[in-house]
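Just so it is clear: chains get the letters A, B, ... in the order the sequence lines come, proteins before strands, and each one is counted from 1.
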Protein chains: 2
Amino acid sequence: MENKYFSELPGEEVLYDLADLFKVFGDSTRLRIMTALSQSELSVMQIAEALGMEQSTISHQLRVLRQNKLVRARRDGKQMYYSLDDDHVKKIIEMGLDHILE
Amino acid sequence: MENKYFSELPGEEVLYDLADLFKVFGDSTRLRIMTALSQSELSVMQIAEALGMEQSTISHQLRVLRQNKLVRARRDGKQMYYSLDDDHVKKIIEMGLDHILE
DNA sequence: TCATCAGATGAACAGTTATTCATATGTTCG
DNA sequence: CGAACATATGAATAACTGTTCATCTGATGA
């Protein structure tokens with residue numbers, strides 16, 4: 001097994017952190033935000049309109065994504081522009097798709 | 001972008017299924033079960049002892065994992081032996097670790 | 001400075017979920 | 001068959017989480 005981590009099992013505390021990370025991916029609103037951002041940087045209002053949801057909802061979820069370093073924010077005047085923070089995001093989503101699409 | 005899925009964004013229904021999948025990974029008990037099973041096939045009781053948790057708890061969570069095709073069960077006499085169902089499991093966990101371990 | 005717009009935040013509520021306890025199912029063996 | 005053991009399952013409970021509403025902060029430009 002050419003395995004990166006499992007030769008030595010991840011410790012228990014790491015698994016708690018990992019669960020927290022996957023919790024973030026385990027919500028469709030957040031997934032929709034992330035896939036929208038995989039296309040281009042967007043402001044909060046643009047995301048809200050794209051998803052047909054309230055600005056407040058999006059803002060709350062963006063905070064969760066930011067805290068988990070999955071998105072990054074940049075201010076431009078009155079708007080905040082969000083984008084994906086790193087490539088792991090796309091890769092994690094792709095792995096998940098691999099599983100459910102058999 | 002040499003991207004497998006994002007050239008065409010995943011549809012909304014797919015994202016709901018995907019969120020459900022990640023919800024399964026978003027619980028430390030289930031993650032601990034999966035990492036334990038990444039080492040070897042184990043019976044319900046063996047898992048319960050390894051994690052220091054009740055048989056019932058493990059059994060409930062194994063059902064969730066089974067329903068999501070993440071583990072597979074095999075009966076041998078009185079015991080049920082569980083193992084990981086496919087390689088995606090390890091890969092998804094590895095991707096997550098990549099993110100949190102920077 | 002003041003009105004306006006974009007975004008953030010806190011409290012409240014409803015819905016979901018993990019665990020426990022008690023019990024049921026199913027298998028083995030005497 | 002009946003006892004003993006392994007696992008599954010249902011109901012109950014406690015904790016958590018996503019959304020909404022109302023409000024606040026902060027930036028712009030007239």
Side-chain angles (χ1 to χ4, degrees), chain A residues 12 15-37 40-85, chain B residues 12 15-37 40-85:
Chain A
E12 203 167 324
L15 290 181
Y16 280 96
D17 293 343
L18 193 56
D20 286 340
L21 176 69
F22 284 126
K23 272 188 198 120
V24 179
F25 284 83
D27 175 78
S28 59
T29 300
R30 288 189 292 262
L31 277 183
R32 292 173 73 205
I33 293 174
M34 288 188 275
T35 56
L37 294 180
S40 64
E41 183 183 66
L42 294 169
S43 73
V44 178
M45 258 311 181
Q46 286 176 319
I47 299 170
E49 279 160 21
L51 307 199
M53 300 184 83
E54 302 226 347
Q55 173 268 320
S56 175
T57 305
I58 303 301
S59 195
H60 276 295
Q61 298 301 355
L62 282 170
R63 180 160 48 90
V64 176
L65 292 170
R66 231 185 306 122
Q67 285 168 340
N68 285 273
K69 300 205 196 306
L70 298 172
V71 303
R72 180 178 27 220
R74 162 180 88 77
R75 180 177 279 283
D76 179 17
K78 292 179 211 164
Q79 8 261 331
M80 290 290 260
Y81 284 96
Y82 283 84
S83 53
L84 294 188
D85 196 328
Chain B
E12 203 167 323
L15 290 181
Y16 281 97
D17 294 343
L18 193 55
D20 286 339
L21 176 69
F22 283 126
K23 273 186 197 121
V24 180
F25 284 85
D27 176 77
S28 59
T29 299
R30 288 189 292 262
L31 277 183
R32 291 174 74 206
I33 292 174
M34 289 189 275
T35 56
L37 293 180
S40 65
E41 184 183 65
L42 293 170
S43 73
V44 179
M45 257 312 179
Q46 286 176 320
I47 299 170
E49 279 161 20
L51 307 199
M53 301 184 82
E54 303 225 346
Q55 174 268 324
S56 175
T57 305
I58 303 301
S59 194
H60 276 296
Q61 298 303 352
L62 282 170
R63 179 160 49 91
V64 176
L65 292 170
R66 231 185 308 123
Q67 285 168 341
N68 285 273
K69 300 204 196 307
L70 298 171
V71 303
R72 181 178 28 219
R74 161 180 89 78
R75 181 178 278 285
D76 181 16
K78 292 181 213 163
Q79 7 260 333
M80 290 290 259
Y81 284 95
Y82 283 85
S83 54
L84 295 188
D85 196 327

So, is [X] close to the [N] phosphate, meaning a side-chain N or O under 4.0 Å from OP1 or OP2?
X	N	result
A/Ser43	C/dG7	yes
A/Thr57	D/dT19	no
B/Arg63	D/dT9	yes
B/Tyr82	D/dA6	no

For atom [atom1] of [X] and atom [atom2] of [N], their distance in whole Å:
X	N	atom1	atom2	value
A/Leu65	C/dG7	CG	P	15 Å
B/Leu31	C/dA18	CG	C1'	14 Å
B/Leu62	C/dT19	CG	P	12 Å
A/Ile58	D/dT20	CD1	P	9 Å
A/Met53	D/dC21	CE	P	12 Å
A/Met80	D/dG26	CE	C1'	10 Å

Side-chain donor or acceptor of [X] under 3.5 Å from a matching atom on the base of [N]?
X	N	value
B/Gln61	C/dA18	no
A/His60	C/dG7	no
A/Ser56	C/dT9	yes
A/Gln55	C/dA8	yes

Strand contacts (DNA chain C) in residues 18-29 of chain A, 4.0 angstrom heavy-atom criterion:
none
Just to be sure I understand the geometry, which residues of residues 71-79 of chain B put a non-hydrogen atom under 4.0 Å away from DNA chain C?
B/Arg75, B/Gly77, B/Lys78
Looking only at heavy atoms, what is the nearest atom pair of B/Val24 and B/Met34, with distance?
O-CE, 4.5 Å
Results of side chain to side chain contact (heavy atoms under 4.5 Å, CB included) for B/Asp17 - residues two or more places apart only:
A/Ile100
State the CD-OH distance between A/Gln46 and A/Tyr81, to the nearest 0.5 angstrom.
5.0 Å
CG/A/Leu42 to CD/A/Glu49 distance, rounded to the nearest 0.5 angstrom?
10.5 Å
Under 30°, 30 to 60°, or over 60°: which ring-plane class applies to A/Phe25 and B/Phe22, parallel, tilted or perpendicular?
tilted
